[in-house]
S.K.: 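Sending over a structure as structure tokens; questions will come in a sec.
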2 protein chains.
Amino acid sequence: MLQTVSKVTQVLDLFSLENPEWSVGEAARTLGYPKSSVSELMASLANRRLLCRIGKGRYRLGWRIFELSQTLLQTAEFRVEARRVMEDMVGQWREIMHLAVLDGVQAVYVEKLQPTPAVKILVSWAGARLPAHCSGVGKVLLAYSPWENISANLRHMGMPKLTPHTITDLDELERELERIRERGYGYDIEEVSIGLRCVAAPIRDCEGNVIAAISFSVPAFRFKEREEEFTEGILKAAQRISAALPKHARSLPRELTTLHR
Amino acid sequence: MLQTVSKVTQVLDLFSLENPEWSVGEAARTLGYPKSSVSELMASLANRRLLCRIGKGRYRLGWRIFELSQTLLQTAEFRVEARRVMEDMVGQWREIMHLAVLDGVQAVYVEKLQPTPAVKILVSWAGARLPAHCSGVGKVLLAYSPWENISANLRHMGMPKLTPHTITDLDELERELERIRERGYGYDIEEVSIGLRCVAAPIRDCEGNVIAAISFSVPAFRFKEREEEFTEGILKAAQRISAALPKHARSLPRELTTLHR
DNA sequence: TCTTGCGTTCGAATATGCCGAACGCAAGAC
DNA sequence: GTCTTGCGTTCGGCATATTCGAACGCAAGA
């Protein structure tokens, strides 16, 4: 593990929705490095446009980040088709939909579509992260990943309890994932947020590997009324997406080793 | 300039739409570094999820890139309002619209909206780059930037001639930018692509600084017929966006120094 | 089975990033 | 106006993390 790479990511990770701007001093204090080092580091990153300098010693994320992410998205073939179908669906069903991929034990939300008059938001923007063990898409993604890896990672990272319904026991999770594999889809019964239920289904590439998952997120009362319809709907959508994938479509397989440090 | 940061960006920059996957060997040969060094570098980046390992020594861009870019986008306040207005406009006018910001002398396309039955594509995806001196949004952005910087950079980078109408003379460009400032908007008369015209207008923050630009891209024949309408339309849209910006809305000012190496 | 080509591991040489101190600058106190 | 304070940047010697050639292990193909 190269130390500088580690420091680069530590700096990049500082920037968030709450703190989109950082000065050299703040960053140095937060990270616990001497400010001279941080100054050089940030200046270098800005020179390469990974950061953007706004006034003396103040920085934001730079546009090169955005470009890189677009390259990433454009080369994730499954996303294009998924989006087309999901747009259809949202227009018709008027419910929020998400598309997510698995990265470690975190579900990365790649798309978030909602009917035009915004209702309520679960994950407020595509690109957010949620522990995979509690959400619908997350559990579906976990269900089709090697259990040894998952369990090792979860043991290491812990399983935060977001609501009373969140699964926090490894054995129980294993059984839940087994159920998901049997049925071919998964529920989230207010495990992320009270009053919000969800049904999720896997998207498969041409070889049958699960590469992503989509979901409906619906207020609990409405979900109960029309559970079967939502389930059928999401399954059909996932199948349409899977079937429409180009022959050579490949997932962007996730690294399964554990993180250093 | 920290060397490792430079190497990190060199590696990240390898990944493109044409070559979304790289092996250690290919990367090492392309960059001219020993493969052992590149191997360690890429392994480190993958460990921090800036890259994603797909099989022995093969890598893609990692999802952390995507997350970082979402943070960037969400904290660029002008984008949210711009998108709302642009969606309106596209629905009504049924023409392609772009939103771009300036990064150095390149226009980075942050949004691209098109009416539902896709017509023709100029910039195929948000996040693309085009030399600023030839496109409508590009010229508008240049018009409101310090000329000393622009001209120095353009001299250094050159001014590619995309069509016979592309401006490739510095003095002529300076006069064109002057015209744009006088009028308050700019045209692209088939300077990027023959048969495609464009009218662009600047978006200003509360202090009057130009922070972005939007444009209509329209087939030449249709543009000629309704030039004035398009111009008025885009101006009004730009003003609506500017006016709707939150009080504290700030651009993400671009670094104006030249790049090392 | 042998060969070839790949990615990874290893260890010693050294160039590189690190950090404390000094500097320059600007804002605010007195 | 001057002094003080706090900031970011610059500098240079030191120590250590990075580098790179060589050796290794592995898998695919001859």
Side-chain angles (χ1 to χ4, degrees), chain A residues 1-15 19-62 207 250 252-261, chain B residues 1-12 14-15 19-62 250 252-261:
Chain A
M1 183 70 208
L2 297 190
Q3 218 171 58
T4 312
V5 171
S6 169
K7 289 191 181 166
V8 163
T9 58
Q10 284 181 64
V11 168
L12 291 178
D13 289 346
L14 287 176
F15 296 86
N19 295 55
E21 279 183 38
W22 287 82
S23 70
V24 171
E26 290 160 358
R29 247 172 283 123
T30 306
L31 297 176
Y33 296 121
K35 60 180 177 168
S36 56
S37 307
V38 175
S39 174
E40 289 170 304
L41 190 50
M42 292 179 104
S44 297
L45 288 170
N47 189 271
R48 288 305 199 246
R49 305 217 182 284
L50 291 177
L51 290 185
C52 172
R53 179 181 243 252
I54 51 174
K56 246 180 79 143
R58 290 197 76 74
Y59 295 90
R60 276 176 168 265
L61 290 174
E207 293 172 358
R250 287 254 308 277
L252 305 184
R254 49 265 182 184
E255 179 66 7
L256 291 170
T257 59
T258 41
L259 300 172
H260 296 151
R261 286 233 187 181
Chain B
M1 182 70 211
L2 297 191
Q3 219 172 56
T4 312
V5 171
S6 170
K7 289 188 183 169
V8 164
T9 58
Q10 284 180 64
V11 168
L12 291 178
L14 287 175
F15 297 85
N19 294 56
E21 277 183 39
W22 286 82
S23 70
V24 170
E26 290 161 359
R29 249 172 280 124
T30 306
L31 297 176
Y33 296 120
K35 60 179 179 169
S36 56
S37 305
V38 174
S39 172
E40 287 169 306
L41 190 49
M42 291 179 103
S44 295
L45 288 170
N47 189 271
R48 289 306 199 245
R49 307 222 182 280
L50 291 175
L51 291 185
C52 171
R53 180 180 241 252
I54 51 171
K56 245 181 81 144
R58 290 198 76 75
Y59 294 90
R60 278 176 167 267
L61 291 174
R250 288 255 306 279
L252 307 184
R254 48 264 181 186
E255 181 66 7
L256 291 171
T257 59
T258 40
L259 301 171
H260 297 152
R261 286 242 187 169

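Lettering of chains follows the sequences in order, A, B, ..., and the numbering in each one begins at 1.
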S.K.: Report yes if some heavy atom in the side chain of A:Leu14 is under 4.5 Å from a heavy atom in the side chain of A:Leu31; otherwise report no.
M.R.: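 With C-beta onward as the side chain, the pair touches.
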S.K.: Expressed as a whole number of angstroms, how long is the span from B:Glu26:CD to C:dG7:C1'?
M.R.: 12 Å
S.K.: B:Gln3 CD to C:dC18 C1': how many Å, rounded?
M.R.: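 Taking atom C1' of C:dC18 as the reference, CD of B:Gln3 is at 15 Å.
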S.K.: Using whole Å, what does the distance between atom C1' of nucleotide C:dG17 and atom CG of A:Leu45 come to?
M.R.: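 It works out to 14 Å between those atoms.
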S.K.: If you find the nucleotide of DNA chain D closest to A:Thr4 and the one closest to A:Arg29, which residue's nucleotide is nearer the 5' end?
M.R.: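 Nearest nucleotide further toward 5': that of A:Arg29.
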S.K.: Please report the distance, rounded to the nearest Å, between CD1 in A:Ile54 and P in D:dG8.
M.R.: 12 Å
S.K.: Would one find a side-chain N or O of A:Ser23 under 4.0 angstrom from OP1 or OP2 of D:dG8?
M.R.: yes
S.K.: Can you tell which of C:dC18, D:dG25, D:dG8 lies closest to the side chain of A:Val24?
M.R.: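 The closest nucleotide is D:dG8.
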S.K.: Return the nearest nucleotide to the side chain of A:Ser36; candidates are D:dT18, D:dG25, C:dG20.
M.R.: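 The answer is C:dG20, which lies nearest to the side chain.
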S.K.: Of the nucleotides D:dT19, C:dG24, D:dA17, which has the atom closest to the B:Ser37 side chain?
M.R.: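 Given the options D:dT19, C:dG24, D:dA17, the side chain of B:Ser37 is closest to D:dT19.
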S.K.: Please report the closest heavy-atom contact between A:Ile54 and A:Glu21, naming both atoms and the distance.
M.R.: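 Looking at all heavy atoms of both residues, the shortest contact is CD1-CD, 3.2 Å.
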S.K.: Just by modelled atom types, is the A:Glu40 backbone N or O under 3.5 Å from a matching donor or acceptor in the A:Ser44 side chain?
M.R.: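 Yes; at least one donor-acceptor contact below 3.5 Å.
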S.K.: When both hydrogen-bonding distances must be under 3.5 Å and the geometry is Watson-Crick or G-U wobble, what is D:dG29 paired with, if anything?
M.R.: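 WC or wobble partner is C:dC2.
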S.K.: Without decimals, in angstroms, what is the distance between B:Leu2 CG and C:dC19 P?
M.R.: 12 Å
S.K.: Whole Å only: how far is the CD atom of B:Glu40 from the P atom of D:dT18?
M.R.: 9 Å
S.K.: Quick one: on DNA chain D, does A:Arg58 or A:Val5 contact a more 5' nucleotide (nearest heavy atom)?
M.R.: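 Counting from the 5' end, the first nearest nucleotide belongs to A:Arg58.
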S.K.: By nearest atom, which of the nucleotides D:dC20, C:dC19, C:dG7 is closest to the B:Pro34 side chain?
M.R.: D:dC20
S.K.: Compare the minimum distances between each of D:dT10, C:dC18, C:dG17 and the side chain of A:Ser39, then state the nucleotide with the smallest one.
M.R.: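 It is D:dT10.
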S.K.: D:dG8 C1' sits how many Å from A:Met42 CE, rounded?
M.R.: 12 Å
S.K.: Just to confirm, is there a sub-4.0 Å distance from OP1 or OP2 of D:dG21 to any side-chain nitrogen or oxygen of B:Lys35?
M.R.: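 For D:dG21, OP1/OP2 do not have a side-chain N/O of B:Lys35 under 4.0 Å.
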S.K.: Please name the pair of heavy atoms, one in B:Arg60 and one in B:Pro20, separated by the smallest distance, quoted to 0.1 Å.
M.R.: CG-O, 3.4 Å
S.K.: Counting only side-chain N and O atoms of A:Lys7, is one of them less than 4.0 Å from OP1 or OP2 of C:dG17?
M.R.: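 So the side-chain polar atoms of A:Lys7 never come under 4.0 Å of the phosphate oxygens OP1 or OP2 of C:dG17.
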S.K.: Would you mind pulling out the nucleotide paired to C:dA21, Watson-Crick or G-U wobble, both distances under 3.5 Å?
M.R.: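 Paired with C:dA21, as far as the under-3.5 Å criterion goes, is D:dT10.
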S.K.: May I have the step-by-step check of side-chain hydrogen bond (donor to acceptor under 3.5 Å, both in side chains) for B:Ser6 and B:Gln10, ending in yes or no?
M.R.: CA-CA 6 Å; B:Ser6 170; B:Gln10 284 180 64; 3.2 Å; yes
S.K.: What is the separation between atom OH on A:Tyr33 and atom C1' on C:dC19, rounded to the nearest whole Å?
M.R.: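 It is 13 Å, rounded to the nearest whole Å.
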S.K.: Just checking A:Leu41: base, sugar-phosphate only, or nothing, at a heavy-atom cut-off of under 4.0 Å?
M.R.: nothing
S.K.: Looking only at non-hydrogen atoms, find the nearest pair between B:Ala27 and B:Val38 and report the distance.
M.R.: CB-CG1, 3.9 Å
